[in-house]
Each structure stands twice: as C-alpha cells, then as structure tokens.
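Quick notes on the structure that follows.
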Amino acid sequence: MNISRRFFMKTSAVAVGGAVSAKAGTAKAESRSRAPADPFGCLVDLTQCVGCRKCEQACNEVNHLPEPKVAFDDSRVLDCKRRPDQNAFTVVNRYYPGKKDEQNRLIPAYAKIQCMHCQDPACVSACIVGALTKQENGAVIYDKSKCIGCRYCMVACPFGIPAYEYDQPFTPEVRKCTYCFERISKEGGKPGCASVCPVEAITFGKRDTVLALAKDKIKKDPGRYINKVYGEEEVGGASWMYISEHPFEKLGFLTLPKKPLPTLPETIQHTMFKFLWAPITLFAALAGGMWVFNRRQMTGEDISEERGADNE
Amino acid sequence: MRTLFKPLLIISASLILIAGGLFFINYDAGSTLSQAFAAAPEKAPKKVPSPPKPPEKVNPDGTPWSPAAQVAAMERAKEVPPFVKKVKDETAWERKQRLGENAPTLNDQDYAYVVLNSPIVNKDQDMYEPVRFMHKKHANVTGDCLKCHHASADEPGASETAKCSACHQEAFNPEFPERPGLKAAYHRQCMTCHEEQEKGPMGCTDCHGKNVPDHSKLVKLPKNPSPTQVTTECLRCHEDQGEDMLKSAHWLWKGPSPYTVDGEKRVDSGKATNTINNFCIALPSNWPRCTSCHAGYGWKDETFDFTDKSHIDCLICHDTTDTYAKVPTDAGMPYPQLDLVEIAEHVGKPSRKTCGDCHFQGGGGDAVKHGDMNAILYYPTRKCDVHMGDLDFQCHDCHKTRNHKISGRSLSLPVAEGARSCEDCHTSQPHHGNNLLDHHLNRHGEHIACMTCHSPVYAKCKPTKTWWDWSKAGDKKREVHKDKYGMPDYFWKKGEFLWDESVQPTYAWYNGTVERYLIGDKIDDDGVTEITQPVGGIKDAKSRIAPFKIMAGKQPADKNNRTLLTPNLFGPKGYWKNVDWDQAFKIGAEATGIEYSGEYEWEETKMYWSLNHEVTPKEMALSCVQCHESLTQERSCDRCHQDKRDVDFKALSYKGVDFKTMAARGRDTLDLVEKTDYINFKALGYKGDPIIYGGRFKQLPLGWHKDGKEEQ
C-alpha cells in the first residue's frame with residue numbers, strides 16, 4: 001500500500017469536511033444514488049443453467065486465479081454449498097427445490113453467485129477511503145492502492161461477497177468479482193463467465209436491454225418462470241439479475257428490501273456529522289478524559305496502585 | 001580444512017564412479033538379457049535393432065491420405081452463412097400448419113454427416129475438439145426436421161432448413177438479445193432433446209474430446225531420460241490417471257469376464273493368467289516376448305510388480321509423433337535410440353497408430369490374429385473401413401474410455417471393461433427413410449448383426465492367418481514356400497500356416513456370451529477342441545447371426561491328462577532355442593501350474609474371432625439376393641407387395657457388394673461371385689431361405705409354400 005499515514009489523514013479530513021459541508025447544504029439527511037445512467041447488466045436465466053461450472057473455470061482463467069484443488073469438471077464440489085472467496089470470484093451451487101421427475105428423482109437447480117454489482121453498492125459507501133467505486137459501466141471495482149484493510153465492505157455487503165486475503169500477511173487485498181471491468185470496457189468485450197457459458201444462461205448487455213429481455217421471457221412463458229426478476233429492485237437494483245422457475249429463497253437468495261442499503265448507514269453517518277456535533281462530542285470526551293487524568297495526578301494518587309486495588 | 005577436504009573429495013568421487021559403473025553393468029545386463037538370448041546365442045557384439053519407421057500417410061495410389069467426408073465436413077463447418085436478420089414470426093404449430101406436406105423431409109438433406117465446429121463457437125474459448133454429428137441419423141430418430149430447424153428466414157424464397165449458424169451467430173447481439181448465440185443454440189437444442197428422450201450423450205465429454213494442452217511447455221525432463229523417468233514425470237500431474245491405470249485391463253492383462261459362460265463373476269481371467277489360444281498359445285513362461293505389447297516396462301517374469309506406477313508405459317498409448325515403438329523381445333521396453341523427451345513433449349490422445357501398434361500386430365505380425373484389423377487401418381481407404389477411412393475415426397471414438405478403462409469386448413479374450421455396439425450410435429433402426437427396403441433392413445437387425453451384411457468378407461485388405469499347425473515345427477531344413485498372397489507357408493520355429501484373404505466369414509448365432517477354454521480345462525476327446533465359441537441359437541431371441549473368423553490349427557496337448565499344453569517357446573530354455581518340446585512343456589506347465597505327464601500329442605483346435613472392424617460402406621454390403629435366392633426371381637417382391645411399377649425390385653435386391661468387381665481390383669473373391677445362400681440358412685438351423693419357409697419366430701402369413709405349416 002503506497003499511501004502515507006499523513007496523506008490518509010489529510011484526505012480523510014478533507015473528505016469528512018467535504019461530506020459535512022455538502023450534506024450540510026442539503027436539507028435531507030439521505031444519501032444520493034450512485035447508480036450510473038446506462039450500465040451494463042447480466043441476466044442469469046437459472047432455468048438454463050446446467051451446472052457445468054464452465055463460468056467458474058473461465059473466471060479463474062481470465063482473472064489469473066490460482067488453480068483449484070478440485071478440477072472444474074469434477075461436479076462433486078456441488079455436493080456442498082460454497083461462497084465466493086478470494087480465489088474464486090464466482091461459484092455455482094446446486095439446490096433441490098423440490099421438483100421431481102417421472103422417476104420421482106429430485107431435479108437439481110443451479111445458481112451462480114458472484115458480486116451483484118449493485119446500483120447503489122453498500123460496500124462503496126462503507127468504504128472510508130474510496131477503494132471501492134461504482135463505475136459508469138456498472139462495475140464495482142476495487143483499488144488496492146487505496147485500501148487500508150478495514151473490511152467494512154465485507155460487513156456492509158448484503159450478499160456477503162467481498163473476501164479478504166487472510167492468508168497474505170503483507171499485502172492482503174479485498175477480492176471479489178470485477179465484472180471483468182477491463183474486458184467490458186473494451187468495445188464488444190464481455191465478462192469471462194458470460195462469454196463461455198455453453199447454454200448462454202447468462203445474457204450480457206445493457207442493463208435496460210437485459211431487464212427488458214427478462215420481463216419478455218417471463219411474459220412469453222409464464223408457466224416456466226416465476227414472476228420476479230431478482231436484482232431488479234433488491235437493494236436499489238443490481239447489475240446482475242436472475243430469473244428462475246423456483247422461488248429465489250429456495251435457491252439460496254436472500255430476501256432483501258428494495259431500498260438501497262447505503263441509505264441507512266449514510267443517514268446515520270450524515271446525521272452524526274451534521275453541524276459538526278460529532279467532532280465536538282469527540283473533543284469533549286477527550287477533554288473530559290484529560291481532565292479526569294489530570295485531576296488524578298493532581299490528587300497524587302498512584303494509578304498503578306489504584307489498578308491493583310481494583311483487581312483485588 | 002583443505003587437507004581434510006581433498007581426500008574426502010577423492011573418496012566420494014571414486015564412490016560415485018563405482019556406483020555408476022555398477023549401475024551401468026546392472027542396467028546393461030538386466031535390460032538386454034532377453035535380447036541377447038533371442039537374437040545372439042553366441043556372444044556376438046549386441047546389435048541394437050532400430051525402431052520401425054512410422055507408417056506413411058499416403059493412399060494406395062500415392063496421394064496424401066485424407067478422409068474425404070471428414071475433410072469436407074470440416075471445411076463446411078468453417079463456413080459462416082450470411083446472418084438472417086428477420087425470421088418468420090410464428091409458433092411451431094403455425095409453422096407446421098403453413099408447411100403441411102411441404103415440410104422438409106429426410107430426402108431434402110444435403111449432408112448426412114456434419115462436424116459442429118464453427119469459428120463463431122470457438123471465438124471466445126477453444127477448449128474442445130469438434131463434435132461429430134450424424135445429421136441424417138438425428139433426423140431419422142426425431143422424425144421431424146422442424147424440431148431443430150424451428151424457424152426460417154422471412155424472405156421470399158428462403159430455405160426452410162437454413163444452417164443453424166444462419167440465425168444463431170455471435171452471442172449477446174444487442175439488436176437480438178433474445179436470440180442465443182450459436183454455441184448456446186447447439187447446446188440447448190442437443191441437451192434438451194437428449195434429456196427429454198433420455199437417449200444419447202449427456203455429459204460434456206460424451207460429445208466433445210478435450211483439446212490436449214501443449215505438453216512441450218509442461219514436461220520437464222533431463223536429456224536421454226529412462227522410460228520410468230518419463231512415467232514419473234507424467235505422474236507428477238496425472239497421479240490419478242496412474243492409479244486408474246493400475247486397475248485397468250491394459251495393465252493387469254486380466255479382469256472381469258462378464259460375458260464368459262461360467263466366468264461372469266470372475267475377475268482373474270485374462271492373458272496374464274488363464275487364457276490360451278492357437279497362435280503362440282499362452283503367456284506364462286514366454287513373458288519378455290509377449291509382454292512387449294504390455295502397457296508397462298519390464299514384465300520379464302512372474303515377479304513383475306503390478307503396483308508400481310513408475311513402470312506404466314504412458315507413451316505407448318499417448319504418443320502422437322508416430323515414432324514411439326517397443327522392442328519386440330524386451331518385455332515392453334522401448335527402443336533405446338528413441339528421443340523420449342521429444343515424444344513426451346508431444347503426448348496427446350491415442351490414435352489408430354498407438355492402438356494399432358499392439359492390436360494390429362497380434363500373434364507376432366501384422367494381420368496375423370485379427371481378421372478385421374491390420375496396419376492398413378493406420379491410414380485406410382473408405383472402402384477398407386468407412387469409419388476410419390472416410391470419417392477419420394480414431395479407435396477411442398467408438399471405444400469410449402473412462403478412468404483408463406476402455407469399452408469393447410472380444411471373443412478371443414474374456415476381459416471386458418464395457419461393451420460397445422453399432423447400435424450405440426446407429427440406433428436399433430439404422431436404416432433411415434421409410435420405404436419398404438428400409439423397413440425390411442431394420443427388421444433384419446433383430447436377427448442379424450450389422451456386420452453380417454456390412455462386412456461380407458474379412459481380411460479384405462490384407463491376408464490373415466487361418467491355420468497354424470504346431471506339429472510340423474522344428475524342421476529347420478524344410479523349404480519355405482510363398483503362397484499366392486506372398487505369405488510364407490512354413491517357419492521352423494512355429495510350424496505350418498495357411499493365410500487367407502477376402503474370406504467369407506463363418507456365421508453363427510451369437511447372444512453376446514462366449515464359451516471359453518481356460519488353461520487346465522479338459523480337451524474335447526472326439527473332434528476339434530473349441531477354445532472360444534460364441535453362444536446362441538435359433539430359438540434364443542437375444543441371438544443374432546454374426547460373422548466370425550475361424551482360426552484353426554494343431555497345438556500340443558497332454559496325452560494322459562487331456563489338457564492343452566502351454567510350451568515355453570521364448571528364452572534360454574525355450575523351444576525356439578533348443579527345439580526340445582519336452583523341455584518346453586515342462587517349463588510351460590510349471591509356469592502355468594498345470595500338470596504335465598511327460599507324454600504329448602497334437603490336438604486340433606478352433607477359435608472364433610469376432611469381426612467388428614473393416615466396416616464396408618453401405619454400397620458394398622451384402623445384397624438381398626446373396627442370401628435369399630428366391631429374390632433372384634423376377635416377381636418375388638411383388639408377391640407380398642403390390643406391384644409398384646415405379647420401384648425396380650430386382651435392381652433393389654441386387655444392390656450391394658459385387659464380388660466380381662472386387663476380384664477385378666485384385667481381391668481374392670472369385671469363388672464368391674454369384675454365390676447365393678451366403679450365410680447358409682440350413683447350417684444356422686433354418687429349414688431354408690426364410691422367405692420361403694418363414695423366419696425363426698414366425699411364419700409368413702401367405703401360406704403359399706408347401707411345407708411351411710410345420711413349427712419352426
């Protein structure tokens with residue numbers, strides 16, 4: 001991390017000041033939407049997914065991730081539920097939502113998970129140094145040069161996506177799906193997973209286009225799909241969206257509010273910082289502490305003795 | 001310090017030298033001992049034989065070998081037709097209504113065989129080999145072209161059956177977000193249908209071969225590595241494959257024998273243990289010669305360690321340079337001159353060459369054992385084998401392999417790691433179209449194996465051994481004559497032979513199981529001992545008439561114990577060195593654990609060998625009249641079917657193999673010209689031609705024949 005402590009203190013001070021002044025200017029204590037106007041989107045049609053894990057393999061290749069312990073064509077890994085981690089930005093899980101075939105065998109359903117690239121990402125607003133940013137093309141990307149390793153993003157993400165390189169003692173990074181930012185920034189570029197999917201369960205395009213496609217698919221085949229596009233409105237909408245024949249909660253998807261999650265922490269934070277009363281409280285607390293400390297010294301009490309007495 | 005260092009250095013250096021010298025002596029003695037005995041009885045300087053040259057990829061006429069249909073299909077696959085922007089907006093039902101009788105049919109097909117390998121599909125990722133797609137077969141099975149060709153261009157005069165790639169091209173076309181790209185279109189279509197029908201391949205690698213990565217960047221070997229060093233390097237990444245190999249029939253030379261009568265539950269049968277044949281008879285005591293085809297190194301005697309992975313010979317199956325070869329007499333060791341680094345850096349999938357190097361050369365020479373496999377199949381013509389010659393099939397395209405267990409079975413050996421049949425690909429209704437002839441041919445499939453018609457003669461490209469008389473062996477002075485095919489009729493080491501070319505097979509009922517003579521079994525006292533024999537009969541519904549090569553001969557048997565003997569032929573005490581049968585039988589009997597009474601005699605034996613390769617193109621299959629004499633008459637088909645003057649029944653029933661033409665092209669088929677009752681109905685248990693007397697489970701309902709009332 002090539003950021004000096006001095007620089008960090010300076011920028012945070014400026015940032016805090018800026019935020020306070022900006023927020024002080026607006027009467028509302030609510031956050032402003034960071035959603036870009038015309039982002040890219042991916043639609044995952046879960047009815048198409050066959051669980052081949054080619055998306056995982058492609059992701060591994062295009063992001064130069066380490067080779068997995070179990071080969072990608074070994075479907076035994078589907079036997080347990082996995083989460084994306086620092087070495088796998090996307091994983092496919094298998095569920096048995098209860099549907100059976102003619103021989104009374106449960107029919108599996110597969111769900112690919114990765115960073116949803118929210119329109120109003122909680123991780124971005126939780127990041128106090130701006131290491132995570134929402135891009136114009138929809139990607140939420142990470143700048144390792146800014147990250148201080150606080151891992152607030154991991155706590156903030158409603159989908160539990162960002163992972164941390166706990167195994168890297170010196171240069172740990174927060175890791176998650178990049179939306180193949182560099183690939184999609186190029187003309188005609190597609191994310192690795194989408195371009196490789198053998199059944200095109202993932203459709204890549206402008207978010208509006210794929211959302212319209214999702215709605216069109218549901219409308220044309222209402223018997224096949226449940227009437228919901230997951231990711232359309234969840235936490236303010238995401239760049240990744242899903243359609244399915246099973247209720248989403250049976251496929252490991254969380255039921256989330258429509259409101260962008262940043263609203264809550266940002267409201268609290270912005271209320272706290274409004275009119276500078278938070279720093280005032282801080283300074284008051286510090287002053288209070290100093291006063292107590294001073295008073296003890298003045299009364300000549302021995303602090304160590306007092307501690308020892310406490311322990312008894 | 002220095003003074004101490006110097007003597008230490010000298011001591012260690014001399015130790016290394018001594019060790020090296022010892023190793024050299026050991027290695028030299030161990031690896032070439034057998035060669036020395038085989039090739040040079042006197043202590044002459046050892047001549048290291050040079051490895052054979054790889055077969056040339058040329059046709060008989062000298063042009064470069066290329067499988068015509070495959071090359072054409074690959075070319076077609078590369079074409080990208082103009083993108084169809086607008087398709088007719090109609091449902092499948094509406095489309096059917098509109099087309100009505102004009103819907104495309106089987107006869108509208110341009111290509112029966114297609115390769116799915118568009119540059120569009122490979123644009124983003126090229127992990128897999130192209131997929132073979134039997135276009136006509138699929139249309140026949142689905143019976144509905146519109147199932148795949150589900151839309152057509154909205155242009156006047158546009159074809160109703162455009163290529164898939166006309167509508168489906170690049171994925172995620174923003175103008176047509178609802179239209180899947182070509183790769184997805186293929187996959188959705190194929191997988192949905194296979195799942196619905198619960199038929200056909202389902203997994204990725206069932207259709208696709210994986211592209212083998214370039215191993216020249218992965219293999220790390222020193223200069224001039226030993227074969228086991230190469231294997232160790234292979235195992236560095238492919239440890240599981242090594243484990244799999246240790247359990248395979250190609251390593252153990254024994255295994256489950258599910259199709260052997262009374263041996264269904266056994267797992268110990270095989271070349272390594274208890275099988276015998278009438279070529280070089282049996283493996284025990286003859287190891288170094290026989291095991292030169294083993295997929296391992298150094299199986300010199302019964303002490304070979306079958307758990308040692310480092311002795312697996314990976315290269316014999318995975319060489320792609322066509323240069324790897326094993327010394328015929330050195331227990332599976334390769335020629336020392338070979339550049340093993342170069343070969344290891346170019347490993348890939350097995351090919352006709354790697355499989356054929358052992359399987360074409362069975363019995364000690366090309367085409368000796370198998371009537372339907374020989375070195376011509378390295379690069380065959382279409383007429384020699386339609387799969388390999390026309391479509392460039394490799395062995396593994398049919399003999400699907402999982403965990404180094406290779407599917408397929410034979411009559412000659414009991415071990416089977418899975419079965420393979422023509423129907424797996426061609427379905428039980430292989431003759432497409434719905435005319436009368438197809439109907440009859442498909443019905444034939446219930447009673448006749450495909451190869452019966454589709455391989456009218458075996459050994460049609462190269463003569464094969466059909467008779468081997470060991471009793472005549474040992475006469476070093478006997479003059480060797482060449483027969484009409486140029487093959488020797490005698491060899492003092494082995495005895496008298498007969499070779500045969502373009503032979504009419506022997507036909508027998510076969511239900512898939514085999515009766516097998518195993519070492520130690522009693523011989524047949526009256527007549528010929530059958531070492532392998534197909535099981536089946538006219539009354540057995542599972543049996544079909546199948547063609548076989550009969551290998552006959554005379555081999556030694558114990559006069560008193562009534563068992564076949566297993567002579568020690570190869571090695572210092574073997575018959576080929578000392579010309580002493582008695583000693584050869586003693587050593588051989590010891591190695592196999594059977595008793596030898598001291599007296600021997602010559603017993604006539606017979607082996608059935610199944611014929612599954614050298615599949616001829618359909619225009620060279622047996623014609624109707626070659627079996628059914630009744631169809632040679634002018635109005636025979638008309639008896640059952642209404643007289644349709646637009647069908648030339650006579651021409652139809654004569655369509656097929658023409659032995660006269662074959663003979664004119666140099667094949668030995670003159671004796672088969674104008675032969676009728678080709679498969680010999682009476683020998684197979686029929687009263688005669690089934691057209692006259694009725695089939696095996698029903699009589700013809702016509703009642704016009706005199707004695708057809710009797711029960712069949």
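We name chains A, B, ... by the order of the sequence lines, and we start the count at 1 in each one.
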Exercise. Measuring heavy-atom distances to chain B, does Leu43(A) have an atom under 4.5 Å in its side chain, in its backbone, in both, or in neither?
Worked result: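 Contact with chain B involves no heavy atom of Leu43(A) at all.
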Exercise. Checking Ala212(A) against chain B: side chain, backbone, both or neither under 4.5 Å from a heavy atom?
Worked result: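 Contact with chain B involves no heavy atom of Ala212(A) at all.
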Crowding at [atom1], [X] (>12 non-hydrogen neighbours, <6.0 Å):
| X | atom1 | value |
| --- | --- | --- |
| Arg402(B) | CZ | no |
| Glu67(A) | CD | no |
| Glu61(A) | CD | yes |
| Asn227(A) | CG | no |
| Lys86(B) | NZ | no |
| Gln103(A) | CD | yes |
| Lys199(B) | NZ | no |

For this session: List the steps and the verdict of side chain to side chain contact (heavy atoms under 4.5 Å, CB included) for Glu178(B) and Lys220(A).
Result: CA-CA 12 Å; Glu178(B) 75 291 344; Lys220(A) 276 194 181 149; 5.5 Å; no
Could you pull out the closest heavy-atom pair between [X] and [Y], with the gap in Å?
| X | Y | result |
| --- | --- | --- |
| Val50(A) | Met191(B) | CG1-CE, 4.0 Å |
| Pro180(B) | Glu200(A) | CA-OE1, 3.2 Å |
| Ala184(B) | Val199(A) | CB-C, 3.5 Å |

Euclidean distance, [Y] [atom2] relative to [X] [atom1], rounded to 0.5 Å:
| X | Y | atom1 | atom2 | value |
| --- | --- | --- | --- | --- |
| Lys54(A) | Met127(B) | NZ | CE | 4.5 Å |
| Leu213(A) | Phe172(B) | CG | CZ | 10.5 Å |
| Asp101(A) | Glu195(B) | CG | CD | 10.5 Å |
| Lys123(B) | Ser195(A) | NZ | OG | 10.5 Å |
| Asp74(A) | Asp240(B) | CG | CG | 9.5 Å |

Exercise. Taking the side chain as C-beta and beyond, is there a heavy-atom pair between Lys210(B) and Asp73(A) under 4.5 Å?
Worked result: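 They are in contact (side-chain heavy atoms under 4.5 Å apart), so the answer is yes.
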For this session: Considering only heavy atoms and a distance below 4.5 Å, find which of Ser75(A), Ala201(A), Pro198(A), Gly205(A) pairs most often with chain B.
Result: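 Counting heavy-atom pairs under 4.5 Å, the top option is Pro198(A).
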For this session: Can you tell which part of Tyr128(B) gets under 4.5 Å to a heavy atom of chain A, answering side chain, backbone, both or neither?
Result: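 Only the side chain of Tyr128(B) comes within 4.5 Å of chain A.
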Problem set entry | Side chain / backbone / both / neither for Gln189(B) at chain A, heavy atoms under 4.5 Å |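 No part of it gets close to chain A.
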